[in-house]
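What follows is one structure encoded as structure tokens, with my remarks underneath.
Predicted model, so just to flag it, every value in this text is computed and none were measured.
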Protein chains: 2
Amino acid sequence: MPRRHCARHGLREQVGRWTEPRDVILDVLSRSKGHLSAKEIYDALYSSHPGIGLTTVYRTLELFRRLGFIQKVASPDGQARYELRTEENKGHHHHLICLRCGKIIDYQDFADEELELVKKTEKALAQKHNFLILDHNIEFLGLCDKCRQAAGDI
Amino acid sequence: MPRRHCARHGLREQVGRWTEPRDVILDVLSRSKGHLSAKEIYDALYSSHPGIGLTTVYRTLELFRRLGFIQKVASPDGQARYELRTEENKGHHHHLICLRCGKIIDYQDFADEELELVKKTEKALAQKHNFLILDHNIEFLGLCDKCRQAAGDI
DNA sequence: TGTATTAATGAAAATGATTTTCATTAACTT
DNA sequence: AAGTTAATGAAAATCATTTTCATTAATACA
């Protein structure tokens, strides 16, 4: 069985058993640029590994999230989407989301300016509302290139 | 039948028929400070109007959203929540969301600073990704006062 | 290198929010 | 006041996700 990612990520110590599904799902995630839904991962795997069930995909994604390997993003089309955490995107949750097809695009621009404002806001809000702030989200919603055309450019 | 809100909001022209469920649901929304889920609205109505079904609540919320009277916010607990659009909150979608109970708090602080950054970012992103930006969301996720205590303040 | 242990899997059923269907009711038109 | 048809409510359908449980297989250990 391929141990590609197991060695690569030093997972052995953190996960009970390193299995084929976990290996292949991590592989799909690292191959893909964008954010994939559970169903999309299941479909991508189906031709090469028809045995892997959707249940396992969900369970594995939840495991990876717990381990901090991936980030889960709620998409307005109802399916959650997941992306591998990399050095670049670590700590950033800034997205461009298409309301029509659910596609999610990361952006890095203005990250510094945003971060400054976010930190300032965070501190003030935590105090004012006695809230323990653990995370934040900044997202822009609209229509992606493809869907603008499909929708007759509105 | 009470026509309270029908007159108040000048709805008659915009909606086909003004009905009791629509009237009462709008009433609940305008009475409530926070963001209510469909189920919460249904429950709030149950004692005084046991006849009104959950289906109608959903349909009415969708109508109100189409008309621009309310704003729908996705909550991480899985249920969408809705708030009446008022003069103050119009154009702002800035929320403090509790990951444990789903409670949503609006905030206005830093709205001006945020808006400036948002506009700048929006323009640049729209151009770079050929995206038609229709809306944005800024949210802070964490634990509300009550849930911090329930969770032993972590 | 087998073999036992038990974590991980997959199929099917369960869940929970939301949507659809369809026969009935009632708001508005005339 | 009566007809038209939009709106309703109950039940069924959907859809993403979770749970259950019997089976499989990764690791430990003899």
Side-chain angles (χ1 to χ4, degrees), chain A residues 1-7 11-26 35-43 45-46 48-67 70 72-82 99 101-102 104, chain B residues 1-7 11-26 35-43 45-46 48-67 70 72-82 99 101-102 104:
Chain A
M1 310 292 136
R3 281 292 106 76
R4 281 164 280 168
H5 299 293
C6 179
L11 282 179
R12 270 236 182 75
E13 311 75 46
Q14 308 191 54
V15 196
R17 293 174 185 180
W18 190 249
T19 62
E20 175 112 25
R22 290 174 181 190
D23 202 67
V24 196
I25 290 169
L26 191 50
H35 301 61
L36 299 175
S37 69
K39 188 65 175 17
E40 281 164 355
I41 294 170
Y42 172 82
D43 289 343
L45 253 41
Y46 192 78
S48 56
H49 298 78
I52 295 177
L54 189 52
T55 311
T56 298
V57 175
Y58 275 109
R59 271 190 293 231
T60 305
L61 288 170
E62 174 53 21
L63 170 72
F64 289 172
R65 198 195 54 70
R66 271 200 330 267
L67 294 173
I70 60 176
K72 182 177 179 178
V73 185
S75 170
D77 73 346
Q79 306 180 70
R81 274 152 216 277
Y82 305 81
L99 292 165
C101 70
I104 299 175
Chain B
M1 314 291 136
R3 281 292 108 77
R4 282 164 279 168
H5 299 291
C6 179
L11 282 180
R12 270 237 182 72
E13 311 77 45
Q14 307 192 55
V15 197
R17 293 175 187 179
W18 192 249
T19 62
E20 174 109 25
R22 291 174 181 191
D23 201 66
V24 197
I25 291 169
L26 190 52
H35 302 61
L36 299 175
S37 69
K39 188 66 176 14
E40 282 165 354
I41 294 171
Y42 172 82
D43 289 343
L45 252 42
Y46 193 78
S48 57
H49 298 78
I52 295 176
L54 189 53
T55 310
T56 299
V57 175
Y58 276 109
R59 269 190 295 231
T60 305
L61 288 170
E62 174 54 22
L63 171 72
F64 289 172
R65 199 196 53 72
R66 270 201 330 269
L67 294 172
I70 61 177
K72 182 178 180 178
V73 185
S75 170
D77 74 344
Q79 305 181 71
R81 275 151 215 278
Y82 306 80
L99 291 166
C101 69
I104 298 175

Atom pairs, protein N/O to nucleotides 3-5 of chain C N/O, distance under 3.5 Å:
none

(message) Let me confirm one number: the CG-CD1 distance from A:L36 to A:I41, rounded to the nearest 0.5 Å.
(response) 5.0 Å
(request) Using atom CD of B:E40 as one end and atom C1' of C:dT18 as the other, report the distance to the nearest whole Å. (result) 15 Å
(request) With rounding to the nearest 0.5 Å, note down the distance linking CG in A:L61 to CZ in A:R22. (result) 11.5 Å
(request) Kindly write out the residues that satisfy side chain to side chain contact (heavy atoms under 4.5 Å, CB included) with B:Q79, not counting sequence neighbours, or none if the list is empty. (result) B:S37, B:K39, B:D77, B:R81
(message) On a heavy-atom basis, which atom in A:S75 and which in A:I104 lie closest, and how many Å separate them?
(response) CB-CD1, 4.2 Å
(request) Rounded off to whole Å, could you give me the CG-to-P distance for the A:L54 and D:dT19 pair? (result) 14 Å
(request) Apply side chain to side chain contact (heavy atoms under 4.5 Å, CB included) to B:Y42 and B:T56, showing your working. (result) CA-CA 9 Å; B:Y42 172 82; B:T56 299; over 6 Å; no
(message) At less than 4.0 Å, is any side-chain N or O atom of A:R22 found next to OP1 or OP2 of C:dT9? Yes or no.
(response) yes
(request) Return no unless some side-chain N or O of B:R59 is found under 4.0 Å from OP1 or OP2 of C:dT18. (result) no
(request) Please report, rounded to the nearest Å, how far the P atom of D:dA16 is from the CG atom of A:L61. (result) 15 Å
(message) Nearest whole Å is fine: how far is D:dG9 C1' from B:E20 CD?
(response) 15 Å
(message) Does C:dG10 have OP1 or OP2 under 4.0 Å away from a side-chain N or O of A:T56?
(response) yes
(request) Go through the structure and list residues passing side chain to side chain contact (heavy atoms under 4.5 Å, CB included) with B:A80, not counting sequence neighbours. (result) B:K72, B:Y82
(message) I need the NZ-C1' distance between B:K72 and C:dT19, as an integer number of Å.
(response) 11 Å
(message) Please confirm whether the shortest side-chain N or O distance from A:T19 to OP1 or OP2 of D:dA25 is below 4.0 Å.
(response) no
(request) Could you go through the side chain to side chain contact (heavy atoms under 4.5 Å, CB included) check for B:L63 and B:Y58 one step at a time? (result) CA-CA 9 Å; B:L63 171 72; B:Y58 276 109; over 6 Å; no
(request) Please state how far atom CH2 in A:W18 lies from atom P in D:dT24, giving the value in whole angstrom units. (result) 23 Å
(request) Would you give the length of the straight line joining atom CG of A:L45 to atom CD of A:E40, rounded to the nearest 0.5 angstrom? (result) 12.5 Å
(request) Treat primed atoms plus P, OP1 and OP2 as sugar-phosphate and everything else as base, then score nucleotides 12-17 of chain C 5' to 3': B for base contact with protein heavy atoms under 4.0 Å, S for sugar-phosphate contact only, - for none. (result) B----S
(request) Quick one: list whatever passes side chain to side chain contact (heavy atoms under 4.5 Å, CB included) with B:T55, sequence neighbours left out. (result) B:R59
(request) Measure from CG on A:L45 to C1' on C:dT9 and round the result to the nearest Å. (result) 14 Å
(message) From CZ of B:F64 over to P of D:dA7, roughly how many Å is that when rounded to an integer?
(response) 12 Å
(request) To the nearest 0.5 Å, tell me how far B:H49 NE2 sits from B:I25 CD1. (result) 10.0 Å
Restricting to nitrogen or oxygen on both sides, can you table the protein-nucleotides 28-30 of chain D pairs closer than 3.5 Å?
none

(message) Test side chain to side chain contact (heavy atoms under 4.5 Å, CB included) on B:I52 and B:Y46; report intermediate values, then the result.
(response) CA-CA 7 Å; B:I52 295 176; B:Y46 193 78; over 6 Å; no
